[in-house]
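Notes follow once the structure below has been shown.
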Amino acid sequence: MSVQLPGLLEDLELVRKDFPILGRTLADGHPLVYLDSANTSQKPQVVIDTMVDHLERHNANVSRAVHQLGGESTEAFEAARDKVAAFIHAPSRDEVVFTKNATEALNLLANTMAWPGELQVGPGDEVLITEMEHHSNIVPWQLLTERTGATLRWFGLTDDGRLDLSNIDELVNERTKVVSLVWVSNMLGTVNPVREIADRAHQVGASVIVDASQAVPQMPVDVVASGADFLVFTGHKVVGPTGIGVLWGRRDLLGKLPPFHGGGEMIRTVTMERSTYADIPARFEAGTPPIVEAVGLGAAVDYLGHLGMADVRAHEEAITGYLLEGLATVGGLSIMGPTTVSDRGGAVAFELDEVHPHDVAQLLDSRGIAVRAGHHCAKPAHRRFGVQSSVRVSTYLYTTPEEIDALVEGLEYTKKYFRVD
Amino acid sequence: MSVQLPGLLEDLELVRKDFPILGRTLADGHPLVYLDSANTSQKPQVVIDTMVDHLERHNANVSRAVHQLGGESTEAFEAARDKVAAFIHAPSRDEVVFTKNATEALNLLANTMAWPGELQVGPGDEVLITEMEHHSNIVPWQLLTERTGATLRWFGLTDDGRLDLSNIDELVNERTKVVSLVWVSNMLGTVNPVREIADRAHQVGASVIVDASQAVPQMPVDVVASGADFLVFTGHKVVGPTGIGVLWGRRDLLGKLPPFHGGGEMIRTVTMERSTYADIPARFEAGTPPIVEAVGLGAAVDYLGHLGMADVRAHEEAITGYLLEGLATVGGLSIMGPTTVSDRGGAVAFELDEVHPHDVAQLLDSRGIAVRAGHHCAKPAHRRFGVQSSVRVSTYLYTTPEEIDALVEGLEYTKKYFRVD
Amino acid sequence: MSDLDAMYQEIILDHYKHPHRAGLREPYGSEVHHVNPTCGDEVTLRVHLDGTGEDAVVEDVSYDALGCSISQASVSVLTDLLVGKRVGDALEVHEAFVTLMQGRGGVEPDEDVLEDGVAFAGVAKFPARIKCALLGWMAWKDATSQVVAHPDHEEQS
Amino acid sequence: MSDLDAMYQEIILDHYKHPHRAGLREPYGSEVHHVNPTCGDEVTLRVHLDGTGEDAVVEDVSYDALGCSISQASVSVLTDLLVGKRVGDALEVHEAFVTLMQGRGGVEPDEDVLEDGVAFAGVAKFPARIKCALLGWMAWKDATSQVVAHPDHEEQS
Ligand SMILES: Cc1ncc(COP(=O)(O)O)c(C=O)c1O
Ligand SMILES: Cc1ncc(COP(=O)(O)O)c(C=O)c1O
């Protein structure tokens, strides 16, 4: 490697060898330059191998069977819960609920709050979100508030892509029942002051939900220290498989939610007259859970733990800094979101004058460089900046400075191709 | 193979070689005899390999990206939808919605029917299910009817484990909005006359939901011919992975349901004021879907298609007949459910005098034989037969007559161990 | 020619930089708004017919499009191809264009029917971009069928 | 001795076939109903204390149990061990039993404390069965803490 940056992961070339897909050659012989990790991360061999071993040797349904395979499968599944709990510093493993993805975790919360219970949201209540949320943290609350007669309110954004907290005292008030916000924006890259907002929300008795889908992959997370009452993330962005997400919640609050989906494993007993429900976490895990996915996620957080999340964070900062510098050299390119690395994650969205994001992505792809073009499931934030779509580059622990160089060259090539000067 | 039964799959030994786990040796050197396939099926190598290839070479998020990996991943994901649609003879691929499991599919229906829309269930309406349902087809309807003031009603069972249709004209009436029933019981093995009941339900304008979790693995399924308006099944019981299930629904009816979970991919557009929703199937697939799981499920239904579902069904009948004969030789053993193969699937539940099901399963397990003991998520059906739990043996396309012989010997050994005579 | 150059034909880039008949005009029989949910590309499109039934003539197609080069160029080419045609003939051109796009690069376009539209043949090899090329065309068909269904519907002007 | 024989000790099978103190009796200070959701095993259990606080004595434990050999034998052994003891001492035996069960076979049981309960050491190697062995014990603790919390609560009789 030629470029040396302080903060890069040691043995980056070896780390990259853990990810088989990074060795792939694409059309026209271009090596893959994968800069779409905020969309989904690539998987290390150990995650894939752990899943294969489970499917080839230990596959059985969990919790239900006396037999040896059932025991092995249950043990592997529950060990994954222990690993995830430790990874996010949850006080108790029972507070870790496995869902399908982050979206299901957020819907679980919004959905159960529609029904009678201590956390029920009703007419006159307010739910507060932000203009930089992912659609998965907007639509569930729109549905909830529309259906229950509550009011949805929004934190606005500043021109440099941070939360506008100037009216926080008005926004967070005695009617506020829920504050749900993203920790690290998947579009702007902004890292929000979650703890500060949570403290304010708790003063008025609101519950705080943190969408940590982009935070857990990138930085050390301590759920208690974050100030969250509930926190969600998704397996496929932390080098784990699709099909699994995590809802963490404070035990007392999880216990106050009515059941979500009904079915096998979430019950204590079922009679024709009525059913009673199991304790957390089983209470919220109706049906056969994503077993091999949980096992894969366990291996994924083990992998990240071995690298060390502080080092992953340092790598992300170093690479993002290098990326921001590189993009600054490209004329006609304007970044949405913070342009310095402080309080910033590794997703950078931008526009290029006179070339539509789709066309930018297409041109880059023709050189093997994978970025995302579109609204990144954050339409309100795009509208806030007066654009309809953007190009997003997102790095991860396997990203090298050379890949950023290739990107910057690709952008210059794009401009030439579209005759922009 | 020594025992020859008409109807067994040709080349059964070769078929078994497709399933790596079947070669496993358990504690004390016993080979695995896996008779718990109604709980979850084992996976052929081709399913595992297809998933590995996807993760190692094509992993990317779907629908969102212009780049080559995104294109490959989307194509693989959507090809899985085509395969599933063809496998169940769905008139349109858009009618196939991917869920987490069968339980989520049933909850999707029960949940959306709580909210305004043409299929809304309200006070005075009746939902009709049966006493042999899996908890996943009971609890969602209990929650719905409790929450909306509708009434839950039940088909009873006959002493030989069939639906009691004697009062169908009273049960299915002008107040009936939904009839939801299992096609093949996971406990009793009964195959229900779904078409006959659906025709009756349609006369009063009710929607018919068929829980085909145990049917799709075992027999050729044509969703239209079945009479169902909606039909669900789960990936892990059709030699596919966990983390994926299927909801099929008639296009016009799916279109009448309000949104289920809100989030990425299910929207048309999102503004701060309101959102509009995508067409089916995306409308019901909020968030990153189970991508590698869908790809695995596609390989699974391909595998079953190559074997031929008519042949799989013939195998199941032959083995179940042999199993019923074998169990008839064990004194003190009483079967719950039909004791002949006609209109019967490959799950057989029984009690053994003076030995608790848990202990039976434990003894069998000590000889490498995996069966399930408990209530199999069918408490009401157990109560109907005056028992609290049972032993369930469930066979599948890889089950051999020799495995049944081992089971019968194991049961005799169990009786001796517990000094029953 | 590389696949990329085959997609971004000169003709397409020209239409992108200098779109024909852009802007929303009156009178019109119907207006529709279509979105590509994946990327957010949008088009608002108006159709003005003269006469009724299949014999009606496409008098004007006006639009306001936000989108990539492919989606913008494609609606620009659409207006060149369809304006002035009888609805029946326009629908045939529409079908030829859709067939070309969905042919995964295996369909040989008929230049007599599609004129500048043949330039989009290269797009068909990029599955992610086919929706871009079709956005305006789908909007046109939707709008046209609305006018045809309600010919007596008051013209907006 | 095989793992299986270590689990199904003679003592366990004896208690299973001839459970001690089975049936529900009066008077009692509290009654609880516990279920093992996995397998459906159930126990209804009543505790009758004499006196208050840690000095109270376990006068009677009566129960109606539906379950496997392990869960039935374990509640039978429980009554042998705990009836007649001061609550404080009974809680110590309880803790010793739970520790044994959760020790995955690595805990050496103290026969002076656990008496017939040591027979359950073999169960600890079977994770799926630990809940069976603990069902009655968890019910007893729950019921006892209810009486201790509400000592003045009317005795049912
Ligand atoms: C008849 C029946 N319905 C529903 C289910 C639920 O399937 P899943 O647990 O995969 O959601 C099962 C299996 O557990 C079943 O056998
Ligand atoms: C900030 C944020 N929240 C939520 C999500 C939704 O995650 P998933 O699609 O896995 O449910 C994503 C990713 O798409 C995200 O970036």
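Bear in mind the structure is a predicted one, so any value in this text is a computation, not a measurement.
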Of the backbone (N, CA, C, O) and the side chain (C-beta and beyond), which part of B:I267 lies under 4.5 Å from a heavy atom of chain A, both, or neither? side chain
Where on B:L26 is there a heavy atom nearer than 4.5 Å to chain A: the side chain, the backbone, both, or neither? both
Which bit of B:P289 comes within less than 4.5 Å of chain A, counting heavy atoms only: side chain, backbone, both or neither? backbone
Can you tell me which of B:Q362, B:Q42, B:M266 forms the most heavy-atom pairs within a distance under 4.5 Å of chain A? B:Q42
What's the verdict on side chain to side chain donor-acceptor pair (under 3.5 Å) for B:K379 and A:T269, showing C-alpha distance, side-chain angles and the deciding distance? CA-CA 8 Å; B:K379 280 206 161 203; A:T269 192; 3.1 Å; yes
Counting N and O atoms only, with roles assigned by atom type, does the side chain of B:Q68 sit under 3.5 Å from a partner on the main chain of A:G368, one being a donor and the other an acceptor? no
Under a 4.5 Å heavy-atom cut-off, does chain A meet the side chain of B:V371, its backbone, both or neither? backbone
Value for CZ (B:R153) from CD1 (B:I129), rounded to nearest 0.5 Å, stands at 12.0 Å
When you compare the side chains of A:N137 and A:S180, does any donor N or O come within less than 3.5 Å of an acceptor on the partner? yes
So, the part of B:H376 with a heavy atom under 4.5 Å from chain A: the answer is neither
Quick check: does any side chain N or O of B:E56 sit under 3.5 Å from a backbone N or O of A:I21, one acting as donor and the other as acceptor? no
Okay, B:D36 and chain A: the region with an atom under 4.5 Å from a heavy atom over there is side chain
Could you pull out the closest heavy-atom pair between A:N107 and A:F260, with the gap in Å? O-CE1, 4.0 Å
Residue pair A:R24 / B:H58, side-chain heavy-atom distance below 4.5 Å: yes
Honestly, the part of A:R147 sitting under 4.5 Å from a heavy atom of chain B is both
Between A:A286, A:A378, A:S366, which has the largest tally of heavy atom pairs under 4.5 Å with chain B? A:A286
Chain A contact via B:Q142 - side chain, backbone, both or neither, heavy atoms under 4.5 Å: side chain
Go through the atoms of B:E72 and report whether side chain, backbone, both or neither lie under 4.5 Å from a heavy atom of chain A. side chain
Under a 4.0 Å threshold between the charged nitrogen and the carboxylate oxygen, would A:R367 count as salt-bridged to A:D28? no
Heavy-atom contact with chain A under 4.5 Å, split by part of B:R57: both
I need the residue from A:T242, A:N101, A:N111, A:V47 with the largest number of non-hydrogen atom pairs under 4.5 Å to chain B. A:T242
For B:R383, is it the side chain, the backbone, both, or neither that has a heavy atom closer than 4.5 Å to a heavy atom of chain A? side chain
For chain A, which candidate among B:I369, B:V292, B:V52, B:L69 shows the most heavy-atom pairs at distances under 4.5 Å? B:L69
Is it the side chain or the backbone of A:A27 that comes within 4.5 Å of chain B heavy atoms, both, or neither? both
Flag, side chain of A:Q45 to backbone of A:P20, donor-acceptor distance under 3.5 Å: no
Hey, does the side chain of A:E104 reach the backbone of A:G245 with a donor-acceptor pair shorter than 3.5 angstrom? no
Identify the residue among A:E133, A:R392, A:H382, A:H375 that makes a side-chain contact (heavy atoms from CB on, under 4.5 Å) with A:M187. A:H382
Could you tell me which portion of A:I138 (side chain, backbone, both or neither) has an atom closer than 4.5 angstrom to a non-hydrogen atom of chain B? side chain
Check whether A:T112 reaches the backbone of A:L108 with its side chain - one donor and one acceptor, N or O, closer than 3.5 Å. yes
B:L106 versus chain A, the contacting section by heavy-atom distance below 4.5 Å: neither
In terms of heavy-atom pairs under 4.5 Å, which option from A:A370, A:P258, A:G23 contacts chain B the most? A:A370
Is chain A contacted by the side chain of B:L143, its backbone, both, or neither, given a heavy-atom distance below 4.5 Å? side chain
If we define contacts as heavy-atom pairs under 4.5 Å, which of B:A60, B:A294, B:S275 has the most with chain A? B:S275
Heavy-atom contact with chain A under 4.5 Å, split by part of B:F19: neither
Okay, B:T234 and chain A: the region with an atom under 4.5 Å from a heavy atom over there is neither
By a 4.5 Å heavy-atom criterion (distance strictly below it), what part of A:I244 contacts chain B: side chain, backbone, both, or neither? neither
Judged by atom type as modelled, is there a donor-acceptor pair below 3.5 Å linking the side chain of B:E131 to the main-chain atoms of B:A381? no
If you apply the rule side-chain contact (heavy atoms from CB on, under 4.5 Å), what do you find for A:S213 with A:N186, and how did you get there? CA-CA 8 Å; A:S213 300; A:N186 68 307; over 6 Å; no
What's the shortest heavy-atom distance between B:T288 and B:I291, and which atoms? CG2-CD1, 4.0 Å
Of the listed residues (A:V139, A:V270, A:T40), which shares the most heavy-atom pairs with chain B below a 4.5 Å separation? A:V270
Quick check: does any side chain N or O of B:S136 sit under 3.5 Å from a backbone N or O of A:G263, one acting as donor and the other as acceptor? no
Comparing A:W115, A:Y34, A:Y277 against chain B, the one with the most heavy-atom pairs below 4.5 Å turns out to be A:W115
Assert top hit (heavy-atom pairs under 4.5 Å, partner chain B, pool A:K43, A:H261, A:K100, A:M51) equals A:H261
